[in-house]
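Comments concern the structure below.
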Amino acid sequence: VALPVLVWLIDGAVRRHADQGPMRRLAAAADTGWWWGFGYFLAGLHWIGEAFLVEAEVFAVFMPFAVMLMPAGLALFYGAAAAAAATAWKSGVWRVLALALSLSAMEWLRGHVLTGFPWNVLGYALTSPVELMQSAAVLGIYGLTLVAVLVFGLPAILGSEAGAGRGRLRWAALAVALLPLLVAGGLGRARLAYATSDTVPGVKIRIVQPSVPQREKWRPENWA
């Protein structure tokens with residue numbers, strides 16, 4: 001749902017400022033991308049505030065700053081992606097392709113700049129159910145981001161351009177969303193069906209999920 005909304009918002013911002021010069025158009029797209037990203041990360045990262053409740057009497061006052069500043073900083077990547085896409089914003093499907101490429105690139109940067117923080121990458125939308133997740137073995141999470149923007153963004157544009165009496169284009173928009181998902185799901189199911197439990201040489205896996213309460217974790221007597 002969020003990706004079609006982003007496409008519509010950027011499209012509207014670019015159209016409204018189309019006659020006001022390229023810089024104004026890019027600024028409007030960047031502003032739209034930033035606000036969308038801020039809301040996206042605010043909803044997805046509100047949990048970081050719980051760390052400030054471990055000793056609430058001391059740290060709770062800082063919680064609003066962390067909860068707001070982290071999404072604000074991460075949203076800069078989406079603002080930059082929207083501005084980059086606006087430079088190649090054309091009619092038809094090309095604008096969605098431009099946005100998919102720019103978002104994938106910015107998600108990669110977000111996962112690497114300053115050691116990276118690849119939380120809530122857009123490609124995670126295509127990692128459930130487990131059959132669909134198998135595509136990550138071929139495309140990687142950033143490749144899935146590109147596919148996710150195309151799969152969910154293209155129908156929004158095609159559907160809006162179909163207009164009244166153009167039912168075929170609306171069906172095409174629906175096919176654009178469903179066919180890649182069906183193909184990826186079918187291939188993923190086949191991959192799981194023929195998977196083996198053989199050990200892969202040279203690969204080490206460490207899984208850590210202690211679920212230790214925060215107050216218990218920071219007590220010196222429990223460190224051992």
Side-chain angles (χ1 to χ4, degrees), residues 1-13 26-86 99-100 102-130 132-133 136 140-146 148-149 152-153 156 205-224:
V1 174
L3 284 172
V5 169
L6 177 60
V7 174
W8 280 325
L9 290 175
I10 296 177
D11 190 55
L26 296 184
D31 183 65
T32 300
W34 184 89
W35 278 108
W36 184 90
F38 178 72
Y40 176 73
F41 287 116
L42 186 64
L45 295 175
H46 66 278
W47 53 268
I48 63 177
E50 295 181 9
F52 294 87
L53 300 178
V54 175
E55 296 181 15
E57 63 279 3
V58 178
F59 299 109
V61 65
F62 300 107
M63 182 173 68
F65 298 99
V67 171
M68 299 293 285
L69 289 178
M70 177 69 83
L74 293 175
L76 292 174
F77 290 95
Y78 287 174
L99 183 60
S102 63
L103 279 174
S104 299
M106 287 301 167
E107 287 287 62
W108 184 90
L109 284 175
R110 183 166 70 87
H112 292 81
V113 170
L114 300 176
T115 73
F117 190 72
W119 191 270
N120 286 5
V121 176
L122 296 174
Y124 290 148
L126 297 180
T127 59
S128 180
V130 67
L132 209 57
M133 188 189 300
I141 189 60
Y142 302 112
L144 287 184
T145 295
L146 188 148
V149 178
F152 299 117
I205 299 177
R206 177 180 296 170
I207 301 176
V208 180
Q209 177 53 276
S211 297
V212 177
Q214 291 290 322
R215 288 186 177 273
E216 296 293 327
K217 182 171 69 174
W218 296 111
R219 289 181 178 177
E221 62 269 22
N222 293 334
W223 288 356

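All values below come from the heavy atoms of this structure, side chains included, with hydrogens, waters and symmetry mates left out. For the single chain, residues carry numbers from 1 onward in sequence order. In this text the structure is predicted, and so the values were computed from the model without any measurement.
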Is any side-chain heavy atom of Tyr142 less than 4.5 Å from a side-chain heavy atom of Pro118?
yes
Tell me, do Leu9 and Val5 make a side-chain contact under 4.5 Å, heavy atoms counted?
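Side-chain contact under 4.5 Å: yes.
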Got a donor-acceptor contact below 3.5 angstrom from the His46 side chain to the Ala43 backbone?
yes
Short side-chain to backbone donor-acceptor contact, Thr127 and Met133, under 3.5 Å:
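Answer holds: no.
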Ring centroid separation for Trp8 and Trp36, is it under 6.0 angstrom?
no
For the residue pair [X] and [Y], what are the closest heavy atoms and their distance?
| X | Y | value |
| --- | --- | --- |
| Leu122 | Ala148 | O-CB, 4.1 Å |
| Tyr78 | Gly37 | CD1-CA, 3.5 Å |
| Val121 | Glu107 | CA-OE2, 3.3 Å |
| Trp119 | Phe41 | O-CE2, 3.8 Å |
| Ala136 | Leu144 | CB-CD1, 3.8 Å |
| Ser104 | Ala100 | OG-O, 2.8 Å |

Which is it for Leu6 and Leu103 under the side chain to side chain contact (heavy atoms under 4.5 Å, CB included) test, yes or no, and what are the steps along the way?
CA-CA 11 Å; Leu6 177 60; Leu103 279 174; 4.0 Å; yes
Taking distance alone, no hydrogens or angles, what donor-acceptor pairs closer than 3.5 Å link side-chain atoms of residues 79-86 to residues at least two apart or in another chain?
none

Distance in Å, [X] [atom1] paired with [Y] [atom2], rounded so as to fall on 0.5 Å steps:
| X | Y | atom1 | atom2 | answer |
| --- | --- | --- | --- | --- |
| Trp35 | Leu42 | CH2 | CG | 10.5 Å |
| Met106 | Leu99 | CE | CG | 11.5 Å |
| Tyr124 | Ile141 | OH | CD1 | 5.0 Å |

Hits for ring pair (Phe, Tyr, Trp, His ring centres under 6.0 Å) against Trp34, two or more places apart or cross-chain, chain-then-number order -> Phe38
Using distance only, find each side-chain donor-acceptor pair of residues 49-76 under 3.5 Å and give its atom names and separation, not counting sequence neighbours.
none

